Amino acid sequence: SYSHSDKELCYRLHDRLVKDQFRVWIDRDQMHGQTMVAMANAIENSEFVFICMSETYKQSAYCQSEAHYAFERRCHLIPLIMKPHYRPDGWLGILVSGK
């Protein structure tokens, strides 16, 4: 789960995980149909969800919906800080607290 403003770093992370033979879904090349449906399908078929945190991530309604759905589905959330010195607060701070 990431903001498109952070896509370059997320794509590098994706490529590295694929190289290490992990099965990874990212909307770069696997987005089919409506955005919300594709995001829901990805979460429903995932055990782990990386939460790629930045201020633009926190401000995105899509990102918030995706993160909350992953939390409600009891996926293992792995928070990653995308920008130096970023500290999540608000809904994102609560979501990743203690992780």
Side-chain angles (χ1 to χ4, degrees):
S1 180
Y2 70 100
S3 165
H4 282 268
S5 68
D6 301 317
K7 69 182 176 183
E8 295 307 320
L9 180 55
C10 292
Y11 290 172
R12 288 195 342 244
L13 177 61
H14 168 267
D15 294 345
R16 181 57 201 220
L17 289 168
V18 169
K19 182 179 177 185
D20 289 342
Q21 300 184 5
F22 288 94
R23 267 188 338 140
V24 182
W25 184 92
I26 193 167
D27 66 359
R28 171 171 58 179
D29 48 21
Q30 299 168 20
M31 193 69 118
H32 305 289
Q34 297 177 342
T35 302
M36 293 297 266
V37 172
M39 288 178 1
N41 287 337
I43 290 166
E44 290 164 3
N45 291 294
S46 295
E47 183 177 351
F48 297 90
V49 174
F50 288 3
I51 305 295
C52 298
M53 303 181 299
S54 65
E55 189 59 33
T56 55
Y57 182 90
K58 183 183 150 199
Q59 298 304 322
S60 168
Y62 278 112
C63 293
Q64 184 174 3
S65 295
E66 192 174 29
H68 278 285
Y69 191 53
F71 176 80
E72 288 175 2
R73 297 280 306 180
R74 299 186 184 270
C75 295
H76 298 282
L77 302 181
I78 301 174
L80 302 173
I81 294 174
M82 296 288 104
K83 306 285 184 188
H85 311 294
Y86 179 73
R87 295 292 173 255
D89 59 0
W91 70 265
L92 185 54
I94 290 172
L95 189 76
V96 301
S97 177
K99 295 191 178 347

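Every value quoted in this text rests on a predicted model; they were computed, and no experiment measured them.
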In chain order, what residues pass the side chain to side chain donor-acceptor pair (under 3.5 Å) check against [X], with sequence neighbours excluded?
X   : value
D89 : K58
S65 : none
H68 : none
R73 : none

Can you tell if the side chain of Q59 reaches within under 4.5 Å of the side chain of T56, non-hydrogen atoms only?
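SC-SC contact between Q59 and T56 ruled out.
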
Sequence neighbours excluded, every pair satisfying ring pair (Phe, Tyr, Trp, His ring centres under 6.0 Å) that has a member inside residues 34-60
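Only F48-H76 qualify under ring pair (Phe, Tyr, Trp, His ring centres under 6.0 Å).
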
So how far is it from [X] [atom1] to [Y] [atom2], rounded to the nearest 0.5 Å?
X   : Y   : atom1 : atom2 : value
L77 : S46 : CG    : OG    : 11.0 Å
L13 : R16 : CG    : CZ    : 10.5 Å
H14 : C52 : NE2   : SG    : 12.0 Å
L9  : Y2  : CG    : OH    : 11.5 Å
S54 : L80 : OG    : CG    : 11.5 Å

Should L92 and I51 be marked as a side chain to side chain contact (heavy atoms under 4.5 Å, CB included) after you check the CA-CA gap, both sets of side-chain angles, and the distance that decides it?
CA-CA 9 Å; L92 185 54; I51 305 295; 3.9 Å; yes

Under the side chain to side chain contact (heavy atoms under 4.5 Å, CB included) rule, collect the residues that match up with P79, sequence neighbours excluded.
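Side chain to side chain contact (heavy atoms under 4.5 Å, CB included) list for P79, sorted by chain: M53, V96, K99.
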
For S60, enumerate each residue passing the side chain to side chain contact (heavy atoms under 4.5 Å, CB included) test, keeping only those at least two apart in sequence or located in another chain.
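Y62, C63.
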
Can we say K19 and D15 salt-bridge, meaning some charged N sits less than 4.0 Å from an Asp/Glu carboxylate O?
no

For K83, which residues count as a salt bridge (Lys or Arg N to Asp or Glu O under 4.0 Å) partner, sequence neighbours excluded?
D6

Using the rule that Ile, Leu, Val, Met, Phe, Trp and Tyr join whenever any side-chain heavy atoms are under 4.5 Å apart, tell me whether V49 and L17 fall into a single cluster.
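They do not share one cluster, since no chain of ILVMFWY contacts under 4.5 Å joins V49 to L17.
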
Tell me the closest heavy-atom pair linking W25 and A38, and the distance in Å.
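Answer, listing the atom of W25 first, then A38: CZ2-O, 4.0 Å.
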
So which residues get pulled into Y69's cluster when ILVMFWY side chains under 4.5 Å apart are joined, directly or through others?
I43

